[in-house]
Protein chains: 2
Amino acid sequence: METNDALDALSALSQETRLAVFRLLVRREPDGVAAGDLAKAIGVPANSMSVHLGVLSHAGLVTSERRSRSVIYRADLSRFRELMLFMLKDCCNGRAEICAPLIADLTPCCPTEDVVHV
Amino acid sequence: METNDALDALSALSQETRLAVFRLLVRREPDGVAAGDLAKAIGVPANSMSVHLGVLSHAGLVTSERRSRSVIYRADLSRFRELMLFMLKDCCNGRAEICAPLIADLTPCCPTEDVVHV
DNA sequence: TCCATAATTCATGAATAATTGAATTATAAG
DNA sequence: CTTATAATTCAATTATTCATGAATTATGGA
């Protein structure tokens with residue numbers, strides 16, 4: 001991920017409505033949510049929601065797919081992971097004071113097959 | 001970390017100059033960098049830099065300390081870690097598709113004492 | 001075809017953020 | 001005390017973003 005991509009993604013997520021939308025979509029993976037349902041759930045007009053979804057989409061954080069009259073939006077988890085890695089990359093180049101505690105905090109909730117506590 | 005704190009932090013980091021400043025400060029931990037040196041390094045006027053540093057400071061991402069005529073700025077790594085955890089928290093509540101690959105990507109560069117590969 | 005639903009685009013105004021010259025504050029040296 | 005350096009604050013302008021009523025596009029059913 002390039003710096004400009006990260007800036008676009010951070011900018012997209014730094015707005016109240018869009019952060020709420022993205023967090024909702026993460027929770028609704030992998031089904032996704034229709035644009036109109038998002039507007040109702042968050043409580044904003046449909047046209048406003050459409051603009052916000054366009055910003056998230058342009059930043060690569062969500063994907064969309066037309067399904068009959070609705071357009072289903074989904075969080076792009078791999079893109080989100082790329083953003084997190086971009087943000088953490090600097091600190092990992094040579095020092096562990098951020099990443100080590102972060103891993104320690106994350107590991108209990110997401111056990112993986114190749115990592116184990118001793 | 002509350003949603004509003006996360007929004008402030010994301011908003012602070014979603015601007016080109018401020019993201020560059022923060023990344024530089026992360027690399028310069030724990031020494032920190034004087035405000036004037038940051039302005040020169042990034043290539044913006046001192047008063048502009050001062051405003052940007054104020055935004056980062058208000059978001060809790062940097063701390064400052066006067067040292068003679070200079071003011072030394074430092075990245076607040078624990079605050080940054082809180083932001084990363086906030087962003088990752090939703091996905092970890094019940095699913096691992098983001099966190100597990102993220103941990104897998106981070107662990108090789110930041111080995112910790114209580115986690116080991118098997 | 002005609003109508004209803006879902007979503008987006010357009011146009012406008014309001015609010016917010018960014019930039020920068022000038023002035024101000026804080027510190028240290030002569 | 002005066003001067004120089006470092007940083008911030010102020011003020012004014014410019015640029016960007018946000019919100020929303022109205023219009024437009026796309027789809028499916030009667």
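We name chains A, B, ... by the order of the sequence lines, and we start the count at 1 in each one.
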Kindly indicate, with the supporting measurements, whether the criterion side-chain contact (heavy atoms from CB on, under 4.5 Å) is fulfilled by B:R79 and B:D5.
-> CA-CA 10 Å; B:R79 182 72 165 184; B:D5 299 323; 3.7 Å; yes
Could you state the [atom1]-[atom2] distance from [X] to [N], rounded to the nearest angstrom?
{"X": "A:D8", "N": "D:dT17", "atom1": "CG", "atom2": "P", "result": "10 Å"}
{"X": "A:N47", "N": "C:dA7", "atom1": "CG", "atom2": "P", "result": "12 Å"}
{"X": "A:M49", "N": "C:dA7", "atom1": "CE", "atom2": "P", "result": "11 Å"}
{"X": "A:Q15", "N": "C:dA15", "atom1": "CD", "atom2": "P", "result": "16 Å"}
{"X": "A:E16", "N": "C:dA15", "atom1": "CD", "atom2": "C1'", "result": "15 Å"}
{"X": "A:L7", "N": "D:dT16", "atom1": "CG", "atom2": "P", "result": "15 Å"}
{"X": "A:R66", "N": "D:dG28", "atom1": "CZ", "atom2": "C1'", "result": "11 Å"}
{"X": "B:R67", "N": "D:dA7", "atom1": "CZ", "atom2": "C1'", "result": "17 Å"}

Could you check which of [options] has an atom nearest any side-chain atom of [X]?
{"X": "A:S70", "options": "D:dA19, C:dA6, D:dA7", "value": "C:dA6"}
{"X": "A:R69", "options": "C:dT8, C:dA6, C:dT9", "value": "C:dA6"}
{"X": "B:L53", "options": "D:dT27, D:dT8, D:dA4", "value": "D:dT8"}
{"X": "A:A34", "options": "C:dT9, C:dA7, D:dT5", "value": "C:dA7"}
{"X": "B:S50", "options": "D:dA22, D:dT9, C:dT20", "value": "D:dT9"}

Might you work through the side-chain contact (heavy atoms from CB on, under 4.5 Å) test for B:L38 and B:L25, ending with a clear yes or no?
-> CA-CA 9 Å; B:L38 284 169; B:L25 288 179; 4.0 Å; yes
Residue whose closest nucleotide on DNA chain D lies nearer the 5' end, A:S14 versus A:S68 =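 Checking each residue's closest nucleotide, the 5'-ward one belongs to A:S14.
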Select from B:S48 and A:V44 the residue whose nearest nucleotide in DNA chain D is closer to the 5' end of that strand.
->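 Result: B:S48.
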Taking only N and O in the side chain of B:Y73, is any of them less than 4.0 Å away from OP1 or OP2 of D:dT8?
->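 True: B:Y73 side-chain N/O within range (under 4.0 Å) of D:dT8 OP1/OP2.
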Please determine if a side-chain N or O atom of A:H52 lies less than 4.0 Å away from the OP1 or OP2 oxygen of D:dT17.
->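 It does not, given that no N or O in the side chain of A:H52 lies less than 4.0 Å from OP1 or OP2 of D:dT17.
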Determine, using the 4.5 Å side-chain heavy-atom cutoff (strictly less than), whether B:L83 and A:L19 are members of one ILVMFWY cluster.
->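 Shared cluster, yes.
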Sidechain-backbone polar pair: B:S50 side chain, B:N47 backbone, donor-acceptor under 3.5 Å = no
How is A:A35 classified with respect to the nucleic acid when contacts are heavy atoms under 4.0 Å: base, sugar-phosphate, or nothing?
-> sugar-phosphate
Hey, does A:R18 reach any base, or is it just sugar-phosphate, or nothing, if we go heavy atoms under 4.0 Å?
-> sugar-phosphate
How many angstroms lie between CZ in B:R23 and CZ in B:R28, if you round to the nearest 0.5 Å?
->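 Rounded to the nearest 0.5 Å, the CZ-CZ separation comes to 14.0 Å.
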